[in-house]
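First comes the structure, then the notes that go with it.
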Amino acid sequence: MAKREQVLIIEPKHELKFRGPFKQMSTSHLELKNPIDSPVCFKIKTTAPKKYCVRPNSGIVLPKQTVVVAVCLQPFEFDPSEKSKHKFMVQTMIAPEGEFNQDTLWKEADADSLMDTKLKCVFELPTEGEVGSTVPDTSTREEAKNSGDSPNVQEGGEVAKDMKLKVLREEENSLRQENLILKEQVLVLEKQAEALRKRSRVAIQPQPIYQTPLIVVAILTGLVGIILGKFLL
């Protein structure tokens, strides 16, 4: 049976590129765009989970919205002669209607409802020209500092800040969505608990016990004693 076609628009489509040097953390970004009118659940998987930090690694992309996923490669000793075998997979499914638990949803998901997109990791080292342009010597830095004009540094810093801000906003939106789902689940559980309490009160409600008044018991006892006394005498 043919696998379902991915409904999300994923950028980049085939490769996650990481730029060195790799003695410090390197970050690449995935954009998950939802063009349809239904929310889509997603989960990010990798063949090397200890090498990467992914935020968010799962969540929901609302209709006509975009989620940016930050994929951070941990520092390591890079060997240019070795080809990268690291791969990522974006697994998705259309979210069901009503309340649901994402962990349970993925565990119980039918294989026919799953969609996936695979990307390979590519490691790139900066060229000598790029290294020279991005790392100015001491005199250049001093001149820029004294003149108050350092366009390359400022532009790079602004781009990095904008990207970090974008990632933080997307993470905030994802957390808000999870918070709403949790609140809905709490309300459902509270309703179920209240229904159980009502059933318990009905089940254990004491039934009325009809007791014979003590005076009647005393009279009957007395009569029995008189009758027995006559027979014995």
Could you tell me which non-hydrogen atom of [X] sits nearest to which non-hydrogen atom of [Y], and how far apart they are?
| X | Y | result |
| --- | --- | --- |
| Leu125 | Pro21 | CD2-CA, 4.5 Å |
| Lys85 | Thr47 | O-OG1, 3.8 Å |
| Asn34 | Pro39 | ND2-CA, 4.0 Å |
| Ser84 | Cys121 | OG-O, 3.3 Å |
| Ser38 | Ile94 | CB-CG2, 3.9 Å |
| Ser113 | Asp110 | OG-O, 2.7 Å |

With a 4.5 Å limit on heavy-atom distance, are the side chains of [X] and [Y] in contact?
| X | Y | answer |
| --- | --- | --- |
| Pro75 | Lys23 | no |
| Lys120 | His86 | no |
| Asp116 | Lys118 | yes |
| Lys51 | Thr46 | no |

Please evaluate residues Phe88 and Leu30 with respect to the criterion side chain to side chain contact (heavy atoms under 4.5 Å, CB included), reporting the C-alpha separation (whole Å), side-chain torsions for both, the decisive distance (0.1 Å), and the verdict.
CA-CA 11 Å; Phe88 275 82; Leu30 272 173; 5.7 Å; no
Report whether [X] and [Y] are members of the same hydrophobic cluster (ILVMFWY, side-chain heavy atoms less than 4.5 Å apart, transitive linking).
| X | Y | value |
| --- | --- | --- |
| Leu32 | Val54 | yes |
| Val67 | Ile36 | yes |
| Met89 | Val40 | no |
| Met115 | Leu8 | yes |
| Phe42 | Val7 | yes |

Are there over 12 heavy-atom neighbours, none belonging to Lys64, within less than 6.0 Å of that residue's NZ?
yes
Rounded to the nearest 0.5 Å, what separates atom [atom1] in [X] from atom [atom2] in [Y]?
| X | Y | atom1 | atom2 | answer |
| --- | --- | --- | --- | --- |
| Gln74 | Gln24 | CD | CD | 12.5 Å |
| Ile44 | Arg55 | CD1 | CZ | 12.0 Å |
| Asn101 | Glu108 | CG | CD | 9.0 Å |
| Glu124 | Ser26 | CD | OG | 9.5 Å |
| His29 | Glu11 | NE2 | CD | 14.5 Å |
| Leu114 | Lys43 | CG | NZ | 9.5 Å |

Please verify the inter-ring angle class for Phe22 with Phe78; under 30° counts as parallel, over 60° as perpendicular, anything in between as tilted.
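Phe22 and Phe78: tilted rings.
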How are the rings of Tyr52 and Phe18 set to each other: parallel, tilted or perpendicular (split at 30° and 60°)?
tilted
Can you list the steps and then say if Lys45 with Val90 is a side chain to side chain contact (heavy atoms under 4.5 Å, CB included)?
CA-CA 7 Å; Lys45 296 182 178 181; Val90 182; over 6 Å; no
Is the backbone of Cys72 close enough, under 3.5 Å, to the side chain of Thr27 for a donor and an acceptor to pair up by distance?
no
When you measure from the side chain of Ser28 to the backbone N and O of Lys17, does any donor-acceptor pair fall under 3.5 Å?
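Confirmed, Ser28 side chain pairs with Lys17 backbone.
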Can you list every ring-ring contact (aromatic ring centres under 6.0 Å, His included) pair that touches residues 102-121, not counting sequence neighbours?
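Qualifying pairs: none.
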Side-chain donor-acceptor contact under 3.5 Å, Gln6 with Thr92
yes
Within the 3.5 Å criterion, strictly below it, is a donor on Thr66 or Glu31 matched to an acceptor on the partner's side chain?
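No pair is found: no donor N or O on one side chain lies under 3.5 Å from an acceptor on the other.
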